[in-house]
Amino acid sequence: MKGYIKGKTIILLENLPEILKDGDEVDISINQISENKKYPFPTFQLGVKDEYLSRDKIYEHE
């Protein structure tokens, strides 16, 4: 079965089989599906303001 995580809840994309009823005990295995990410942790774009790349700004005397 496939689904996704939202907060602390797992949302299933398919219906449960008819043989399962409320209160049934089940074993669950969770596997993360690779989304072609380069890193196993979240990343973000690091931005640097153009004004801070200016040599005058870097070596400015106060």
Side-chain angles (χ1 to χ4, degrees):
M1 296 195 114
K2 292 187 178 183
Y4 60 94
I5 297 174
K6 183 175 182 181
K8 297 267 185 192
T9 305
I10 298 174
I11 309 296
L12 297 176
L13 298 175
E14 304 168 22
N15 291 329
L16 290 173
E18 296 287 329
I19 61 171
L20 295 177
K21 305 289 184 233
D22 283 345
D24 285 351
E25 188 173 334
V26 296
D27 286 324
I28 298 174
S29 174
I30 299 176
N31 299 314
Q32 185 176 11
I33 299 174
S34 175
E35 295 179 5
N36 295 329
K37 293 182 181 178
K38 294 180 182 179
Y39 306 103
F41 48 85
T43 61
F44 58 92
Q45 284 293 103
L46 180 61
V48 178
K49 295 182 179 179
D50 289 337
E51 64 187 86
Y52 294 114
L53 295 176
S54 167
R55 183 178 291 266
D56 296 333
K57 179 75 174 179
I58 295 171
Y59 296 107
E60 185 177 76
H61 294 288
E62 293 186 16

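We number each residue from 1, following the sequence as shown.
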| field | Path from Tyr4 to Met1 over hydrophobic side-chain contacts below 4.5 Å | value | no
| request: Check the surroundings of atom CG in Asp24: do more than 12 heavy atoms from other residues, nucleotides or ligands lie under 6.0 Å from it? | output: yes
| Between the side chain of Lys21 and the main-chain N/O of Glu18, is any donor-acceptor distance below 3.5 Å? | yes
| task | Decide whether Ile30 and Leu20 are clustered together by the hydrophobic rule: side chain heavy atoms of Ile, Leu, Val, Met, Phe, Trp, Tyr closer than 4.5 Å, transitively. | result | yes
| When rounded to the nearest 0.5 angstrom, what is the spacing between CD1 in Ile28 and CD1 in Ile10? | 6.0 Å
| request: Rounded to the nearest 0.5 Å, what's the gap from CG on Leu16 to CG on Asp22? Could you check? | output: 9.5 Å
| query | Any link between Val26 and Ile5 through a network of hydrophobic side chains (Ile, Leu, Val, Met, Phe, Trp, Tyr) touching at under 4.5 Å? | reply | yes
